[in-house]
Amino acid sequence: MQAAYIDNPPPRYIDQARAFGQHFGGHVRSYFGGMLPIMTWLPHYNVNWLISDLICAITVGTVVVPQSMAYAKIAELPPQYGLYSSFVGVVIYPFLGTSKDVSLGTSAIMSLLVGQIWVSIKSMPEFESGVWTQHQYAVTMALFAGIVALGLSILRLGILFDFICEPAIAGFMAGSGLTIVINQFSKIFGVPNINTSEAPYLVFGKTLIHLNESGVDAAFGILSLVWLYGIRYLSQYLSHRYPQYARVIFYFNISRSVILIVFTTFLSWLIIHFGYGDADDTPFAILGAVPSGFQMMGVPKVDRSLLATIATNIPSVVTLLIMEHCAIATILGKASDYRINVNQEIMANGLANIFGSFFSSYPVTGSFSRSAVSSKSGAKTPMLNVVVAIIVVLALYVFTPAFQYIITASLAAVIIHAVTDLIVGPSVWYKYWRLHPSELIIFAAAYIISLFTRLDISVYVPVALSLIVQLYRSARPSYAIMGKLIPPSSSTTTTQEPFFCSFSHPTMGQHVQPIGQGVVCFQPHDNLVFENAKYVFGKLLEIVENQSEVLKAVILDLSSVHQMDYTAMEELKSVAIAALRHSNSQHVRWYFVVNDSLAVRKCLLVAGFGTQRPKRGGLFHSDWSDRSGSKLVLQHHVDEKEQPPTASNNNNNNQRRESKQHGEIIMMERYGAAAAEAPSLDDSVGMDTASTGHFQGRYVSPEDHVDWDTIQCIRDVYPYFFPSLQVAAMAAVEAPLPDDILDVPSPSPSSSTNAAATTPSDNDVTKAV
C-alpha cells in the first residue's frame, strides 16, 4: 500500500527561458497568424453566406450614406468627409476584423468629440490666417490616432480596455446620445444662431429661449420624427400581429431612414426648382453642394505646429475609439455567440484611420446603429462590408448632385433617431443602485459630465472613479472568522461532516461555534499583496491577541487567495511572531488551506511555514530549497500480513512494530482524524530518505513510472498544507504536536540543553521582531 505526497515546485527561470526559446517559432507564427482573420473564414465561404451578406450589405449601405453625411456635420466638417471616412473603414475591416456585425466608419459620438476639439482649433490665429486648414486638422487627427491605435495593438495592450468598467461605458454612451439629441434640436426646429459647440445644457436652454424663431424647418423636422418613430413602432406591432411577414416588415422598417431622405430630398428639389429656382434662396436649410468623387485624396501633409496643438487630444480620441468600438463589438458578439479579439479590433481601427487619412478621412470607429442593423439583418461574415464600400463609391460618383437638396431638418431627425437607443431610462439607474451605490456613481458621473463639458472629460472621470473604487476594494478586502456550524437540532455526537461558516453570516452566524479550543480560523477573501497586507493581517493580529491566553493553532484559509507578495509574507511572519510571544502555549501551529497558486505556496515556504522548524534569531527555517527539485514523493507502507515469513525480514518486521506508534503520531499530526483511515507510516523498504527527515520516502521525477492503482491516499508533501478547510480543521483540533516534527528533541534530562538551544526563547522572538 502506498501514499502519494504531492509537491508543486516552481520551474526555474532558465528552464522557462529555454522552453520559450524552443517554442519561439510557434509563438511568432501564432502572433502573425492571427493578424489576418479573413484566412480562417474565407476558405469556408459558401453561397448561403453570400446571399445573407448581400441582403445585409444593401440594407446597411442604404443607412450608411445619409448617416455618414449627417455625422460629418456633427464633426463640423463638410458632408463628403463622412463618405470618405465610411468608405475606407468598410474596405479595411473585412481583412482584419473579428466581428461579423461591426460597421467601421463614422459614428455619432466620435464625430461629436472631433467637432468639440475643432471648435477650439478654429479660433486660433493660425487657422484664421490660413496656415492651418480644416482638411489638415481632419487627416492629421485620423493619421496619428491610427498610429497610436496600431502601436497599442502591436504591443498587445488591448488589456487596457478591461480597465474600463461597464457602468462607465454605459453612462458615457447614454450621456453622449443625449448630448447629440440636444445639439440637433436647433436644426429640427430651424432655430437660427445656436452655437452647438457650447455645453449641452446651454445649447438646450438657448434653443428653448429662441424656439419662437422656428421656421419651415420645424415642419420637416417634426414630421420626419413622426415618420421614423411611427414606422418603428408600427413595424413592431405588425411583426407580432403577422409573424409570417416579419422578415418583410423588418426590411421595410430598416429602410425608413432612406425612404425619408429620398422623399424629402425630392420634395425639396420640387420646391426649389418650381418655387424659387435658386438653391441659395430657400425657406428651409439644405445640405448644400457635395463634391463628386475623392476630390482631396493624397498623402497627408502634417503641420508640426498643428500636430503639437492637437497632440494632447489624440489620447482622448484613441480612448474613445477603442472604448466605443470594442464595447459595440463585444455586445454584438455576446448576442450572436462569438468572441472578438480586442487587439485585432484595435489594429483594424488603427489601419483604417491611417489609410483613411490618405482619403481625407477623419477618425472613425465602429458605429452602434449601423452595426446593430447589420446584426439584425443576418450578417454572416465581414464580407458584407465590401458591398457597402461599393454602395458608398456609387453614392460619391453618381448621387452627389442630388445630395445638395437634402433638408437639414430631416437629416437631424435621422441622427436623433439613430442615437436615442443609447439613452437609457430610470430602470437602468435603479439597477446600478441595487447592485451597489458605487456602480451608480460611476454611471451617473459619465452621464452627467457629458452634459456639462467635453466628451473626453466624461471618459476620464468615470474611469478614474472606477479605478479608485477598485483600489479601495483591493486595499480593504473582506475577510471572515470561520467556525463550525452546529444546528440547534443536532447533537454533539453527530457523525455528519462539519459545515464551516463565518461568525458574521447573516442567517447562520448565531449557530456557529469555534472549531476547537484555542483554534482560530481566518479566511481572507482577496489576494494578499502590498496594498492590503497590513490591513488584513492587522485584523488577524487583533484576533490572535484576543485569543493569546488559550491560542494553540491558527488556520489560515487561503483557498480564495491566488497572489501573495513579499510584503504579505513579512506581515504574516510578524503575526506569527506576535502569536508565539503572547501565547501561553510553547508552540502555536499554523495550518494553511492552499489552492494551486504557486505564488502563494512559494511565499509560505520561503517564510518556513511548510514545516515550521524553529531557527535561532528568527521564526522558521525556509524550507523551499529543501524541495527545489521534487515533483512527487511516494511513501511505501508494508502490510505485515502480506510479507512472507522469511528469516530475511523478521528483524525488519520487529523494527517496524517498534516504530509503528511513532509513524501514527506523525500521520495524525499531518492529517488529523483522517489518519485513522490512512495506512500506518512504517519504515520504507529500499527507499531513499527524504531531505526533511520527517518521513521515509524518495523524490520521483515526472519521467518515473508510478503505479497509481496502488496509491491509497494523496497528501501534500508539507505537513501543514491542506486541500480543504475540513482536513485542516481536523488536523488542528485532533493532532498532537510531536517535537520531532519541529526538529526539537523530546524533553529529557539528557537533551534538555539541546531542546533549549533549539526552541526559540523570548529573546530570540524579540530579536526576530
Side-chain angles (χ1 to χ4, degrees), residues 7-10 479 520-524 526-541 543-545 551-583 585-630 669-670 691-694 716-723 728 731-732 737 741-744 758-761 764-769:
D7 195 8
N8 187 21
Y479 62 92
V520 171
C521 182
F522 187 80
Q523 184 185 71
D526 203 349
N527 293 331
L528 298 174
V529 287
F530 64 92
E531 65 262 27
N532 61 25
K534 291 182 175 60
Y535 170 79
V536 173
F537 289 115
K539 296 297 182 181
L540 177 58
L541 181 59
I543 300 169
V544 167
E545 289 177 345
L551 184 64
K552 296 180 181 179
V554 178
I555 302 173
L556 197 57
D557 185 357
L558 302 179
S559 56
S560 299
V561 178
H562 298 275
Q563 188 60 254
M564 196 171 175
D565 62 6
Y566 184 85
T567 305
M569 181 186 73
E570 290 297 321
E571 291 295 326
L572 177 58
K573 288 170 62 177
S574 67
V575 175
I577 292 173
L580 188 61
R581 182 173 62 244
H582 294 292
S583 176
S585 176
Q586 185 180 8
H587 302 289
V588 176
R589 297 164 297 180
W590 289 78
Y591 298 85
F592 297 90
V593 180
V594 295
N595 49 37
D596 294 333
S597 173
L598 186 60
V600 174
R601 186 181 183 91
K602 190 172 183 179
C603 281
L604 296 177
L605 292 177
V606 170
F609 286 102
T611 54
Q612 302 182 30
R613 294 175 295 161
K615 67 177 180 179
R616 181 178 296 277
L619 185 62
F620 302 126
H621 286 284
S622 172
D623 42 26
W624 180 256
S625 59
D626 297 341
R627 306 292 183 193
S628 59
S630 66
E669 166 61 22
R670 291 176 181 164
S691 60
T692 58
H694 296 165
D716 198 293
V717 70
Y718 291 97
Y720 294 97
F721 292 170
F722 301 90
L737 186 63
I741 282 199
L742 297 177
D743 291 348
V744 181
T758 309
T759 306
S761 63
D764 294 334
V765 173
T766 303
K767 292 178 182 178
V769 174

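This is a predicted model, so every value here is computed, not measured. What's counted below: heavy atoms across the whole structure, side chains too, no hydrogens, waters or symmetry copies.
Considering all non-hydrogen atoms of both residues, Ala553 and Ala732 come closest at CB-CB, 4.2 Å. In this structure, Ser560 and Pro524 approach most closely via the heavy-atom pair CB-O, 3.9 Å. The shortest heavy-atom contact between Gln523 and Asp557 is NE2-OD2, 2.7 Å. A pairwise comparison of heavy atoms in Leu551 and Ala579 identifies CD2-CB, 3.9 Å as the closest pair. When all heavy atoms of Ala731 and Tyr591 are compared, the pair lying nearest together is O-OH, 3.7 Å.
The OG1 atom of Thr567 sits 12.5 Å away from the CG atom of Leu572 when rounded to the nearest 0.5 Å. Taking CG of Leu556 as the reference point, atom CG of Leu604 lies at 7.5 Å (rounded to 0.5 Å). The distance from atom CG of Leu528 to atom NZ of Lys534, rounded to the nearest 0.5 Å, is 13.0 Å. Taken to the nearest 0.5 Å, the CZ atom of Phe522 stands 10.5 Å off from the CG atom of Leu541. In this structure, the separation between CG on Asn532 and CD on Glu571 is 10.5 Å, given to the nearest 0.5 Å. Taking CG of Leu558 as the start and CZ of Phe722 as the end, the distance is 13.0 Å to the nearest 0.5 Å.
Environment of OH in Tyr566: sparse, with no more than 12 heavy atoms of neighbouring residues, nucleotides or ligands closer than 6.0 Å.
Qualifying salt bridge (Lys or Arg N to Asp or Glu O under 4.0 Å) partners for Glu545, counting only residues two or more places apart in sequence or in other chains: none. Residues passing the side-chain contact (heavy atoms from CB on, under 4.5 Å) test with Cys521 are Met482, Ile515, Ile555, Leu725, sequence neighbours excluded.
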### Query
Given the rule in the side-chain contact (heavy atoms from CB on, under 4.5 Å) test, do His621 and Thr611 qualify, once you have shown the distances and angles that lead to the verdict?
CA-CA 8 Å; His621 286 284; Thr611 54; 6.0 Å; no
### Query
Should Gln563 and Asn527 be marked as a side-chain hydrogen bond (donor to acceptor under 3.5 Å, both in side chains) after you check the CA-CA gap, both sets of side-chain angles, and the distance that decides it?
CA-CA 5 Å; Gln563 188 60 254; Asn527 293 331; over 6 Å; no
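Under the 30°/60° scheme for interplanar angles, the aromatic rings of Phe609 and Phe592 are found to stand perpendicular.
Judged by distance alone, with hydrogens and angles left aside, the side-chain atoms of Gln612 form a donor-acceptor pair with the main-chain N or O of Trp590 at under 3.5 Å.
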